[in-house]
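For reference, the structure discussed in these notes is given below.
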Amino acid sequence: MSTPERPPPPPLRETDVLVVGAGPTGLMAGLVLARRGVSALVIDQKQGPTRESRAIVVQARSMEILDQLGLAQSVLDGGQSALGLRLRGGRSPAGIDFADQQQGWTPFPGAQIFEQSRTETLLSETLIAEGRPVLFEHRLISFEVSATEDAPDAERLREGLAEIPAEGLIETLVEGPAGPLRIRARWMIGADGASSPVRHQLGLGFEGVTDDATFCVADLRGVAGAPSDALSVHLGQERFALLFPLGPDGHARLIWLHGDTHPEQEQALAGAREDLGIRYEKVEWFSAYRVHHRVATAFRAGPVLLAGDAAHVHSPVGGQGMNTGLQDAHHLANLLADVADGHLDEGALDRYEQERRPVALTLIRATDRAFGAIGRTGRRTAFLRRRGRDVLAVLAPRLLRTRFGPYAAGLLGQFRIRYRVVQKGQVPPRWARDRAVGLRLPPTAANASALRAMAWQLHTYGVEAARPASVPGWIEGPLAFPPDSRTRLRVDHLYLVRPDGYVAASWPVHAGAVATADVDATLAAYRMIR
């Protein structure tokens with residue numbers, strides 16, 4: 001009797017980076033990798049870019065990233081600007097114009113209302129135009145990491161002592177319209193949402209809480225009195241709501257906490273109409289769900305890394321979630337590109353979790369928990385909200401005239417995020433003592449073009465400095481710029497700027513040169529390969 005023939009193995013594709021998930025995070029990662037010349041493949045089980053609006057706010061820092069990719073103008077042309085916050089429901093009018101506080105600190109003050117569906121379409125169409133189409137309708141079935149013979153964990157893996165080696169090849173099985181497909185990659189990014197199969201297969205925890213109140217979202221047409229250029233806060237006898245402008249003629253999104261029940265559409269909107277005085281002509285979309293506040297216990301397991309909702313989920317109220325994911329992807333893709341190019345060693349990938357996980361934790365502790373307290377239903381909480389609103393109407397203009405105004409606006413726009421070189425409380429090395437180190441490089445009239453290069457660079461702002469001999473050849477510069485008119489950058493220092501636009505180091509310049517010890521210490525800290 002003849003032996004039945006074995007079916008042929010699924011076809012194999014190879015790539016440097018496999019990105020699982022084609023939401024804003026995954027698409028951003030794929031596009032940055034493409035621009036950096038790294039082979040990357042983005043897959044998703046859905047049929048194409050989402051058609052739902054979902055996240056709608058693009059903050060200033062995300063606009064800076066999109067500008068680096070040449071896409072910011074598309075958002076400006078198709079979006080709706082929100083320049084401030086209007087408070088309704090108190091004794092006197094009150095407002096906060098956060099765009100005014102961001103002027104001079106970012107080229108994109110305020111926020112852009114640009115729905116997630118449009119963000120995904122913009123990014124995916126750009127990938128198609130650059131010959132990197134997304135593999136939609138492809139579902140990740142499983143993956144395993146096999147250590148290469150020269151990887152330090154190869155022997156331990158064979159002995160069953162290590163589940164995920166620090167380095168190795170990732171073998172994945174994917175199901176697509178044409179059948180199974182194998183994909184082999186050096187790294188994999190799990191950008192596959194809050195229920196992330198990648199995170200589950202890694203066995204990583206997703207720590208946090210689920211809000212006990214029901215979160216309601218409605219896209220409305222013909223909202224009476226809705227400002228077209230600002231967010232508005234509505235304070236009722238029991239409820240708190242935010243109204244986001246989506247376009248002209250009262251096109252807006254209303255979000256609010258309903259309580260501990262799960263209401264039907266009409267029940268939820270009736271409460272908003274009666275308590276908040278919201279008047280509208282048409283409901284385009286409604287959803288009610290529980291909000292999760294969770295962060296993965298780790299963002300990296302060997303060559304597998306998590307980003308976006310797979311790594312952290314937040315309340316959508318502050319317009320921070322999608323933006324945090326976009327910045328995760330930008331940060332991580334640049335790191336992977338630097339390792340792929342031989343500029344940094346593999347251990348430099350640890351910096352991704354060290355820098356981005358604290359950002360996610362801060363958002364949960366501040367933004368999410370604050371809204372959970374402020375947005376609760378009930379007369380007692382509402383009374384305190386209204387009293388607080390009247391106090392804020394008096395204090396806000398005074399606070400905004402202090403240094404707190406630009407600082408708070410920078411946190412909201414996410415361009416004030418700091419990456420610490422050492423743990424808080426520890427003494428930083430000399431090359432990291434400048435206040436600019438760990439922050440994204442402040443924009444000036446002259447440096448915008450240079451920052452679009454997505455390359456390591458040396459900058460000066462008012463001083464001549466020789467190129468240090470020990471600086472690797474792949475670092476550009478020094479690029480000389482005029483002094484910063486806002487004195488955020490020192491005229492007597494040479495700055496090392498990362499591809500993501502953050503200041504990596506600041507070296508004092510003496511007689512046109514910098515100390516070799518400072519340069520060598522910086523290169524070692526960033527695990528640079530000369």
Side-chain angles (χ1 to χ4, degrees), residues 3-23 25-34 36-49 124 127-128 130-160 162-193 195-204 300-308 310 329 332-333 336-337 339-340 346 349:
T3 303
E5 293 186 4
R6 293 183 177 179
L12 174 67
R13 289 189 64 167
E14 295 185 289
T15 185
D16 283 330
V17 184
L18 173 62
V19 182
V20 182
T25 300
L27 293 169
M28 172 62 74
L31 185 54
V32 173
L33 289 164
R36 292 289 307 270
V38 178
S39 171
L41 183 63
V42 182
I43 67 171
D44 200 299
Q45 63 182 345
K46 62 188 180 184
Q47 294 182 340
S124 60
L127 281 167
I128 291 172
E130 298 185 10
R132 304 286 188 97
V134 177
L135 288 188
F136 287 112
E137 300 184 272
H138 282 73
R139 180 171 66 93
L140 177 71
I141 303 297
S142 62
F143 69 89
E144 62 180 17
V145 182
S146 57
T148 57
E149 289 300 316
D150 58 348
D153 292 288
E155 184 175 348
R156 295 182 69 243
L157 182 70
R158 285 192 292 270
E159 295 174 355
E163 293 183 359
I164 303 292
E167 301 176 36
L169 293 177
I170 302 166
E171 303 279 350
T172 67
L173 179 63
V174 172
E175 182 67 36
L181 172 68
R182 291 182 299 149
I183 301 176
R184 180 179 295 152
R186 182 175 176 184
W187 297 290
M188 181 165 70
I189 298 175
D192 48 346
S195 59
S196 175
V198 172
R199 189 188 65 244
H200 281 292
Q201 184 165 333
L202 292 173
L204 294 175
R300 181 189 179 199
V304 184
L305 304 105
L306 302 177
L332 177 55
L336 290 172
V339 176
E346 193 93 15
L349 294 179

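Basis for what follows: all heavy atoms, side chains included, without hydrogens, waters or symmetry-related copies.
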Exercise. Roughly how far, to the nearest 0.5 Å, is the CG atom of D192 from the CZ atom of R199?
Worked result: 8.0 Å
Problem set entry | Straight-line distance of L135 CG to Q45 CD, nearest 0.5 Å | 13.5 Å
For this session: Output all residues satisfying side chain to side chain donor-acceptor pair (under 3.5 Å) with E137, sequence neighbours left out; order by chain, then residue number.
Result: none
For this session: Please report the closest heavy-atom contact between T25 and G308, naming both atoms and the distance.
Result: OG1-CA, 3.6 Å
Problem set entry | Point-to-point distance, once rounded to the nearest 0.5 Å, from CG of L12 to CG of L181 | 8.0 Å
For this session: May I have the step-by-step check of side chain to side chain contact (heavy atoms under 4.5 Å, CB included) for R186 and V339, ending in yes or no?
Result: CA-CA 11 Å; R186 182 175 176 184; V339 176; 3.9 Å; yes
Seminar exercise, completed: In short, P180 meets P11 closest at the heavy-atom pair O-CD, 3.6 Å
For this session: Evaluate the side-chain proximity of L41 to H138: yes if any heavy-atom separation is below 4.5 Å, no if none is.
Result: no
Exercise. Counting only N and O atoms by type, is there a donor-acceptor contact under 3.5 Å from the side chain of T15 to the main-chain atoms of S39?
Worked result: yes
For this session: Using atom types as modelled and distance alone, determine if a side-chain donor or acceptor of T172 lies under 3.5 Å from a backbone N or O of I183.
Result: yes
Exercise. Heavy-atom count around R13 CZ within 6.0 Å, excluding the residue itself: above 12?
Worked result: no
Exercise. How about L18 and F143: do any of their side-chain heavy atoms sit closer than 4.5 Å?
Worked result: no
Problem set entry | I189 CD1 to L332 CG distance, which is reported to the nearest 0.5 Å | 4.0 Å
Problem set entry | Side chains of E346 and W187 in contact at under 4.5 Å (non-hydrogen atoms) | yes
Seminar exercise, completed: Smallest heavy-atom separation, K46 atom then A22 atom, equals NZ-O, 3.4 Å
For this session: Hey, could you give me the CZ/CG distance between R300 and L306, rounded to the nearest 0.5 Å?
Result: 12.0 Å
Exercise. Does the side chain of R36 reach to within under 4.5 Å of the side chain of L336, using non-hydrogen atoms?
Worked result: no
Exercise. Any donor-acceptor pair under 3.5 Å linking the side chain of H200 with the backbone of V198?
Worked result: no
For this session: Just jot down the side chain to side chain donor-acceptor pair (under 3.5 Å) partners of R184, sequence neighbours excluded, or say none.
Result: E14, E171
Seminar exercise, completed: Correct closest heavy-atom pair for I170 and P303 would be CD1-O, 3.7 Å
Exercise. Per the side chain to side chain contact (heavy atoms under 4.5 Å, CB included) rule, which among D44, V32, V19, V134 passes with L27?
Worked result: V134
Problem set entry | Nearest non-hydrogen partners of V42 and G21, listed with the distance | CG1-O, 3.7 Å
Exercise. Rounded to the nearest 0.5 Å, what separation is found between the CG atom of L173 and the CD atom of E144?
Worked result: 10.0 Å
